2 protein chains.
Amino acid sequence: MNVAKRKPRRNNESNRREELLRVSAKLFREKGFDGTSIRDISAAAGMHSGSPFYHFKTKQDILVAVMEQGLAEGLRRTEEVMALALPPEQRLKELIRAQLGTILEEGSDFIPVLLYDWRSLTLANRRRIVALKDRYDALWQQVIDDLKRAGHMPGDAQLVRLLILGAVNWTGTWYRAGGRLSLDEVAEGCARLFLQGER
Amino acid sequence: MNVAKRKPRRNNESNRREELLRVSAKLFREKGFDGTSIRDISAAAGMHSGSPFYHFKTKQDILVAVMEQGLAEGLRRTEEVMALALPPEQRLKELIRAQLGTILEEGSDFIPVLLYDWRSLTLANRRRIVALKDRYDALWQQVIDDLKRAGHMPGDAQLVRLLILGAVNWTGTWYRAGGRLSLDEVAEGCARLFLQGER
DNA sequence: CCTACCGATCGGTAGG
DNA sequence: CCTACCGATCGGTAGG
């Protein structure tokens, strides 16, 4: 039957683990955690159906690992922007652009899984991941607080953060690559909308 | 065993159908379409496991019915706002308030299922529902176009609609009733953010 | 990692 | 709507 067409062997075990995470992130994003079976994942990674359990104890552990890797990568990109010496208006725009990339660029399926499949996490794992997510949110809050102090942002600063991040995170549901707008244009439009009359 | 505690019989068949939709919407919102079994739905409605299929041909049909009912109700509320004689800034705020209610009020699980479980729809059903959803979007676009014509809104009007609706629809992932902010306050904060300096 | 398998659960149905 | 059931699929495991 030749169920699994073997790809060229890699002798590095962690390569296979990474590959599993990559295909899992893609499948979870497309079909959801509950809509994706271990067999879907195995097949996409060129393995047999029991083999993912050599790398992960449970399917839920794969979900957690996907989300943690996404957060690590997203935090890295976000902190890069924070390290730049920029005026807060400019910094917000760059932050938005980085987040758009984390959600919409080719192969960026890890953070979308976090965003759109949160409810599939067990309560214990939610607590674990919230700790990382809080650091993420704190960086955004910092920029928005700066803008507010400078008089460039109206109303409750925490609400503003949730609304801006909401608008950005929601792009994953409608944006299509190769469409009318580039990511840079979306980021530009975002910044203009939220910083109206400031630039 | 007495599997299902019988509720008092209703002799109206459509009452049971409505009840099924109500509990399905709630369960789909909490656990997702794929995370909810027919047995979950049956139990919540006080039926035996095969009985939902007396009212709906497939589980997918329940999902479609939930989304269509949500859209019908949402369209009704939206059109009510459109019928009011209001300046466009005020109209946007009322539109936002109505949408927040449709997503966040007690028992408002139908539109959230549409928003957060879109990927569980078959392609054929997506086409069917997109037609309704387009009318919804068109009403929002109308208000935003008005604002743009009056010079109160910067940039690409379609992008602005997607961003504002995104911020509003995303509230379903973080807003908790009884928290720091009321729905009116969120609506107010939204309008202030998007219409900065206009009021 | 593969092989061979298990018990549980799934959506759905026939017949009343 | 309930009863009794079916075939398919699920996550996961033991043993190599």
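Note that the structure is a prediction, hence the values are computed from the model and not measured. Order of the sequence lines sets the chain letters (A, B, ...), proteins ahead of strands, with each chain counted from 1.
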Problem - Touch class at under 4.0 angstrom, heavy-atom based, for A/Thr36 against every strand present - result: sugar-phosphate
Practice task
Please answer: with hydrophobic residues joined when any side-chain heavy atoms are less than 4.5 Å apart, are B/Leu123 and B/Trp118 in the same cluster?
Solution key: no
Completion exercise
note: A/Met47, atom CE; C/dC2, atom P; distance rounded to Å ~ 7 Å
Problem - Geometric class of the A/Trp170/B/Tyr116 ring pair [parallel <30°, tilted 30-60°, perpendicular >60°] - result: perpendicular
Completion exercise
Between B/Gly50 and A/Phe33, whichever has its closest DNA chain D nucleotide further toward 5' is B/Gly50
Handout entry: 5'-most by nearest nucleotide on DNA chain D - A/Thr58 or B/Ser51
Key = B/Ser51
Practice task
Give a yes/no on whether any side-chain N or O of B/Ser37 is located under 4.0 angstrom from OP1 or OP2 of C/dT9.
Solution key: no
Exercise for the section: Going by the side-chain contact (heavy atoms from CB on, under 4.5 Å) test, name the single residue among B/Leu115, B/Ile111, B/Val66, B/Asp109 that passes it with B/Arg29. Expected result: B/Asp109
Problem - Spacing between A/His48 atom NE2 and D/dG15 atom C1', to the nearest angstrom - result: 17 Å
Problem - Side-chain ion pair, B/Arg180 and B/Glu185, N-O less than 4.0 Å - result: no
Problem - Carboxylate-amine/guanidinium contact A/Asp146 A/Arg91, below 4.0 Å - result: no
Handout entry: B/Arg39 CZ to D/dT3 C1', straight-line distance once rounded to whole Å
Key = 13 Å
Problem - Contact under 4.0 Å: B/Arg16 side-chain N or O vs D/dC1 OP1/OP2 - result: yes
Practice task
To the nearest Å, give me how far apart CD1 (A/Ile38) and P (D/dG11) are.
Solution key: 6 Å
Handout entry: Identity of whatever pairs with D/dT13 - Watson-Crick or G-U, under 3.5 angstrom
Key = C/dA4
Practice task
Please state how far atom CD1 in B/Ile41 lies from atom P in C/dG12, giving the value in whole angstrom units.
Solution key: 10 Å
Completion exercise
To the nearest angstrom, the CD-P distance between B/Gln60 and C/dG11 comes to 12 Å
Problem - d(NZ, B/Lys57; C1', D/dC1) in whole Å - result: 19 Å
Handout entry: Atom-to-atom span, CZ of B/Phe53 to P of C/dT13 - whole angstrom
Key = 7 Å
